[in-house]
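Just passing along the structure, written as structure tokens.
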Number of protein chains: 2
Amino acid sequence: MRLSTRGHYGLKAMFDLAQHYGTEPIPLKSVAERQNLSEHYLEQLIARLRKAGLVKSVRGAQGGYILAREPGKITVGEIIRALEGPIAPVECVKEVDPKECDQADYCISRMVWARVRDSIAGVLDSISLADMCREAAKIHQTKSFDHNRGGWTLYDP
Amino acid sequence: MRLSTRGHYGLKAMFDLAQHYGTEPIPLKSVAERQNLSEHYLEQLIARLRKAGLVKSVRGAQGGYILAREPGKITVGEIIRALEGPIAPVECVKEVDPKECDQADYCISRMVWARVRDSIAGVLDSISLADMCREAAKIHQTKSFDHNRGGWTLYDP
DNA sequence: TCAATTCATACTAAATTACTCGGATTTCAT
DNA sequence: ATGAAATCCGAGTAATTTAGTATGAATTGA
């Protein structure tokens, strides 16, 4: 029940783009460095995301990638589906074009997997990139608690 | 986000044993036939289930397998963990012994996967083999609705 | 014009999957 | 006792997937 690195790394990259949303295009190189990923591998992942219409590219020098929509309007579910295909613990309960076996309508285990699929999709579709950014901001605040002063410090990059 | 056939087939086999619970030991051969699975492959899967204490074996002629506990006391979650290992969409949120990366405590995508893991575990741990048997009985009833008589027929094997 | 970038395709080593195969061992039934 | 029915065990293997790397062409701002 594992995600491949495609979904894992791809989400990291999209989160990185979300954190820089509203500025210039972000080159993959910097995404790869910040998230500690292979740039060449990321290229392949972002190609899928581009084809799915989740990011836009700007070619040439000073080019890079920007989210195709604002972070609040892109869900983790869309990202994962673009990278890994339809959510499905087993083939016969794929969200689109399921390959049903001949016992499909009385196969009980199939119902279990359909429930798992719905539960996964429910979580992924309920989280947007904006949610992740908010979470990151919250954590950053916590981490900058100043133990010497015994109080909160302002984040000032 | 796929389950391997281990979990998929293994659950089918356990469900089959559950439907025959309380009788003689069930040989793998018959399980394999009913569930349409390779007997040799099932042997490997059931070995894991036995080592996990979920089934008991009876060796020799007229031998076979029986559930180690009644179907109501065995959850799908236990079965899947025995066959596939700890539930974890990504390594860093494994239920036991997670391999955390150095950014573990401020990695936001990690939190997403932890929520997915909990959601999957929640579903799997909430379904017992007895639940599946009840579901099967319900469906069988529905399927034997007699459209000619316009009423329900009794199941009489 | 050059350096930074995206874009596209092909290749590959390693791991995993989904089995098969062969045989040893145990035990019931006759 | 013997044979058939079973579990048990470990090795082997073809196909697929994974997680990249390699190479180079095309695009574009400074």
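To find a chain, count down the sequence lines: A is the first, B the second, and so on, and within it residues start at 1. Not measured: the values here are computed from a predicted model.
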- [ ] Calculate, to the nearest 0.5 Å, the distance between atoms CZ and CD1 belonging to B:Arg117 and B:Ile120 respectively.
- [x] 10.0 Å
- [ ] State, without any angle test, whether A:Ser128 and A:Thr75 hold a side-chain donor-acceptor pair at a distance under 3.5 Å.
- [x] no
Task: Separation of A:Ile26 CD1 from A:Lys29 NZ (nearest 0.5 Å) - done: 14.5 Å
Task: Between C:dA4 (P) and A:Tyr65 (OH): distance, integer Å - done: 17 Å
TODO: Output the distance between atom CD (B:Gln35) and atom SG (A:Cys107), rounded to the nearest 0.5 Å.
DONE: 8.0 Å
Table please: side-chain donor-acceptor pairs of residues 48-68 of chain A below 3.5 Å, with sequence neighbours left out.
unit_1, atom_1, unit_2, atom_2, d
A:Arg48, NH1, A:Leu83, O, 3.3

Task: Working for side-chain contact (heavy atoms from CB on, under 4.5 Å), residues B:His20 and B:Arg34 - done: CA-CA 12 Å; B:His20 295 85; B:Arg34 274 189 299 269; 3.4 Å; yes
Task: Interface with DNA chain C, restricted to residues 89-97 of chain A and to heavy atoms under 4.0 Å - done: none
Anything under 3.5 Å between a protein N or O and an N or O of nucleotides 8-17 of chain C, put it in a table, one pair a line.
unit_1, atom_1, unit_2, atom_2, d
C:dA8, OP2, A:Arg50, NH2, 3.2

Open item on the list: What's the separation between atom NZ in B:Lys12 and atom OG in A:Ser109, rounded to the nearest 0.5 Å?
Closed with: 5.0 Å
- [ ] Starting at atom CE of B:Met1, determine the distance to atom C1' of D:dT18, rounded to an integer number of angstrom.
- [x] 17 Å
TODO: Rounded off to whole Å, could you give me the CD1-to-P distance for the B:Ile46 and D:dT7 pair?
DONE: 8 Å
Task: Integer-rounded Å distance: D:dA19 P and A:Tyr9 OH - done: 7 Å
Task: Point-to-point distance, once rounded to the nearest 0.5 Å, from CD1 of B:Ile108 to CG of A:Asp16 - done: 12.0 Å
Open item on the list: Expected output is a numbered-order residue list: members of residues 23-39 of chain A with a heavy atom under 4.0 Å from any atom of DNA chain D. What is it?
Closed with: A:Ser38
- [ ] Report the distance from atom NZ of A:Lys56 to atom C1' of D:dT28, rounded to the nearest whole Å.
- [x] 18 Å
Task: Close side-chain approach of A:Met111 to B:Ile139, heavy-atom, < 4.5 Å - done: yes
- [ ] To the nearest Å, give me how far apart CG (A:Leu83) and C1' (D:dT17) are.
- [x] 16 Å
TODO: Check the side chains of B:Thr5 and B:Tyr41 for a donor-acceptor pair under 3.5 angstrom, ignoring hydrogens and angles.
DONE: yes
Task: Pairwise side-chain contact, A:Val93 with A:Pro98, heavy-atom cut-off 4.5 Å (strictly under) - done: no
TODO: Answer yes or no: is there an ion pair linking B:Glu84 with A:Arg2, defined by an N-O contact shorter than 4.0 Å?
DONE: no
Task: Check: B:Ile87 and B:Asp118 side chains under 4.5 Å, non-hydrogen atoms - done: no
Open item on the list: Would you compute the distance between atom CZ of A:Phe15 and atom CD of A:Glu135 and round it to the nearest 0.5 angstrom?
Closed with: 9.5 Å
- [ ] Indicate yes or no: at least one non-hydrogen side-chain atom of B:Leu124 is less than 4.5 angstrom from one of B:Glu78.
- [x] no
Open item on the list: Quick check on the helix from C:dT1-D:dA30 to C:dT30-D:dA1: what's the angle between its two end axes, five base pairs per end, to the nearest 10°?
Closed with: 10°
TODO: Quickly work out the A:Arg2 CZ to D:dT17 P distance and round it to whole Å.
DONE: 18 Å
TODO: Answer yes or no: is there a side-chain heavy-atom contact under 4.5 Å between B:Val76 and B:Asp131?
DONE: no
Could I get a table of every N or O pair under 3.5 Å where one atom is in the protein and the other is in nucleotides 27-29 of chain C?
unit_1, atom_1, unit_2, atom_2, d
C:dT27, O2, B:Ala61, N, 3.2
C:dC28, O4', B:Ala61, O, 3.4

